[in-house]
Amino acid sequence: MKNYITTPIYYVNGEAHIGHAYTTFIADSLARYSRLIGNETYFLTGTDEHGQKIEESAQKQNKPTQIFADEISATFRNLWNEFDISYDQFIRTTDETHKTGVQAAFEKMYAKGDIYKDFYEGNYCVSCETFFPESQLMDGGCCPDCGRATTIVKEESYFFRLSKYEKPLLDYYEAHPEFILPKSRRNEVISFVRGGLNDLSVTRTSFSWGVHLPASLNEPKHVMYVWLDALMNYVTALGYGTDEANMDFWPANVQLVGKDILRFHAIYWPAFLMSLDLPLPKHIAAHGWWTRDGEKMSKSKGNVVDPREVSQHYGAENFRYFMMREVPFGQDGDFSQRALIDRMNSDLSNDLGNLLNRIIGMSEKYSNLLVDSADVEKFHAKELNDAHAVLATLEPYFYELQLHRYLEELWKVFSIGNKAIEEHAPWVKIKEGRTDEALATVALVANLLAKASVMLHAIMPKTTATIADALGFEITTESYNDLIIHKGLLKPFTIKKVPPLFPRVEEPLMQEAPKAMSEEAPKVELKQMDDKKVSTVAEEGVITIDQFFQTSIKIGTVLNAQEVPKSSKLLKLHVDLGEETPRQIIAGIREYYSAESLIGTQVCVVANLKPAKLMGMLSEGMVLAAKDSEGLSLIRPEKPRLSGSSVG
RNA sequence: GGCUGGGUAGCUCAGCUGGUUAGAGCGCUGGUCUCAUAAGCCGGAGGUCGGGGGUUCGAGUCCCCCCCCCGCCA
């Protein structure tokens, strides 16, 4: 079977970040898995280098555009090389073969009548390389995507008849429910297409850094729209429009994209392919974003995760394991050193690494490091069966891109191993003279580790190669067939003593990201939790003194305060109300008060409010504050009072 | 505002077409072994399944209303 896997080509307007790494890790894992199980596999990545933005960035740096593109492109390629990404080709849209291929495609679409010449007038955002209709612009004519100013551009342009493909696309989505993954994204695309598709302007005359139109059209002023240019890379890489050398890999099996560029890949791209009479890829798979410590990453906050830095401190494959294991495909993930460390310690050190050490230790003591599978089936048929049952369930997860589930299931094999050792206690058997039984248990675990390593190989290629080496075999398609498909066992071997593969990590190894106070502070209405209660109690806006005193307001001293992750509004406070334990109060005041500034100060707290959960945390009270258009002001005692003093 | 998806243990989530005491991993906690990376194994605590109505012999699972969160579109 032929299997073609692609990442998007990355735009060379900035350096690689965790998002690029994530996409590439997934794609690499898919490619490695595909090769392991014996598929003929082609894995493509590369860089997208055309467009006005690149031209301008190069000018700013006073560099020829090509040199600028060369440099940034190289940073991506170098990073992937450092990460041992197993790409078969690194395409660049400035490659001559690519340009030729795109021109061939353009010619074909034109000949078919899918591309025609007209005029385009509209508000153009240089940064996003996109025209926006008047109705979509923000105040002052700014771009709805990036917020930068747009300019009115009228230019001669060629158009692609996207409207013609509205119906065929909808039919295709309908007939191929697995085309767009995950499903939630599919709904978005369908509803977008149902809203109607306009023809797409696919050439520009306002700049020149792009693929020129085919000579046959004699249009030297025009260059191609970057997205037409860029999307075509997936087939020009296989030789479309040139030597066609690898076109038998088309259609692609999985084309990975970030959720931000799904629309281009799920609408424009299949429409282009239909126009070219090429089959559509099996899956367009959109993954989510990463945040850090619950916050969006941005350069201005200085909390961007540098994949190189993480890998230097924690190990590239550990990082990679973490990303694959932590997040269901399509969902956003959160990177934190704590989460990474927890994963490494509990999954890698405790379950996997320690298990290997256990059998190294035993075989050294009991059999001079010799491991023989001869008696495994005799004494451990059950464990072996259980493990094979687990291994047999794994494959679909990979095809569904559910790598986190894949790994979760795979880990059951290590659990079987750890339990088997416990249950059969080889150290006891040895004392009883039942050496063959003890050694069978060791051999069982060696085989479990071997099998699991094979299945983990796509995610952690180097680490699993080390394990395999220690267990006297090599991870290849042959050993996959032998150990997994045919449920074979390891030949007798001498186990190699290796130092712990995953030393436990106790403390964060990297400097923490600066805790950014939300500097943009969007004006959002604070949720007044008790608005409704007050209004129901207060008929006609008047209450009795008794009703008022139903509310217990007390003076509290803030002992501790910290930002609530994933929330721009909330602070978590620990407030002393003179009770045995301080109250935890989640207060929506973060936009106006920093956590530090509150510690040690006094506030007024509604003490008998029914506890409520905010962002999953219990809030045992409400801090009183006054609010107007200027913002929020906490109500505080004029002079310090004892914690717990009542107000009224 | 319109349309998706979702709100289940401290955290991250599983729970197919409604059916015994609602599950997993991590975390917490009690116990225990000693081959091992203070790892492993066994046990435990912890959930009015967002709220309210309804259908049903029976609802986390179906219907209606409401609240909240993410996303897409306006």
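Residue numbers begin at 1 in each chain, while the letters A, B, ... track the order of the sequences.
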| task | When you get a sec, tell me which of B/G71, B/U37, B/C35 is the closest nucleotide to the side chain of A/Pro500? | result | B/U37
| said: Looking only at the side chain of A/Lys419 (C-beta and beyond, no hydrogens), which of the listed nucleotides B/C35, B/A39, B/C42 gets closest? | reply: B/C42
| query | Choosing from B/C35, B/U37, B/C26, which nucleotide comes nearest the side chain of A/Ser349? | reply | B/U37
| task | Take the protein atom CH2 of A/Trp290 and the nucleotide atom P of B/C70, then report the distance between them rounded to whole Å. | result | 20 Å
| message | Could you check whether A/Lys183 pairs with A/Glu178 (Lys NZ or Arg NE/NH1/NH2 to Asp/Glu carboxylate O, under 4.0 Å)? | response | yes
| message | Assuming nearest nucleotide by heavy-atom distance, tell me which of A/Ser415 and A/Asp332 is located more 5' along RNA chain B. | response | A/Ser415
| field | Given RNA chain B, 5'-ward residue of the pair A/Asp347 and A/Gly361, judged by closest heavy atom | value | A/Asp347
| task | For A/Phe502, report the nucleic acid contact type (base, sugar-phosphate, nothing); a contact means any heavy atom under 4.0 Å. | result | base
Might you list the N or O atoms of the protein lying below 3.5 Å from N or O atoms in nucleotides 2-4 of chain B, with each pair's distance?
residue, atom, partner, partner atom, Å
B/U4, O2', A/Asn187, ND2, 2.9

| request: May I ask you to say what A/Lys365 touches in the nucleic acid, namely base, sugar-phosphate or nothing, with a heavy-atom cut-off under 4.0 Å? | output: sugar-phosphate
| Is it true that a side-chain atom of A/His17 and a backbone atom of A/Gly19 form a donor plus acceptor pair closer than 3.5 Å? | yes
| In which ranges does RNA chain B form stems of 3 or more consecutive Watson-Crick or G-U pairs, distances under 3.5 Å? | B:1-3 with B:71-73, B:5-7 with B:67-69, B:10-13 with B:23-26, B:28-32 with B:40-44, B:50-54 with B:62-66
| task | For A/Leu501, answer base if it contacts any base atom (sugar-phosphate contacts may also be present), sugar-phosphate if it contacts only those atoms, and nothing otherwise; contact means non-hydrogen atoms under 4.0 Å. | result | base
| field | From B/C35, B/C41, B/A39, nucleotide with atom closest to A/Arg358 side chain | value | B/C35
| Looking at A/Asp334 and A/Arg292, does any basic side-chain N land under 4.0 Å from a carboxylate oxygen? | no
| query | Any Lys/Arg nitrogen of A/Asp332 or A/Lys259 sitting under 4.0 Å from an Asp/Glu carboxylate oxygen of the other? | reply | yes
| request: Could you check whether A/Gly195 gets within reach of a base, just the sugar-phosphate, or nothing at all, counting any heavy atom under 4.0 Å? | output: nothing
| query | Which of parallel (below 30°), tilted (30 to 60°) and perpendicular (above 60°) describes A/Trp290 and A/Phe322? | reply | tilted
| request: Measure the distance from CD on A/Glu364 to P on B/C35 and round it to the nearest whole Å. | output: 13 Å
| field | Residue that, paired with A/Tyr321, satisfies ring pair (Phe, Tyr, Trp, His ring centres under 6.0 Å) out of A/Phe25, A/Trp411, A/Tyr314 | value | A/Trp411
| said: If you only use heavy atoms from C-beta on, which nucleotide in B/C13, B/G40, B/C26 is closest to the side chain of A/Gln331? | reply: B/C13
| query | Would A/Phe473 and A/Phe493 count as a close aromatic pair, with their ring centres under 6.0 Å? | reply | no
| To the nearest angstrom, how far is A/Arg434 atom CZ from B/C35 atom C1'? | 17 Å
| Carboxylate-amine/guanidinium contact A/Glu188 A/Arg186, below 4.0 Å | no
| task | Calculate the interatomic distance between A/Asp351 atom CG and B/A36 atom C1'; express it in whole Å. | result | 13 Å
| request: Return the orientation label for the A/Tyr268 and A/Phe264 ring planes: parallel under 30°, perpendicular over 60°, tilted otherwise. | output: perpendicular
| query | Hey, are A/Glu432 and A/Lys429 close enough for a salt bridge, meaning a charged N less than 4.0 Å from a carboxylate O? | reply | no
| message | Does B/A14 have its OP1 or OP2 closer than 4.0 Å to a side-chain nitrogen or oxygen of A/Arg405? | response | no
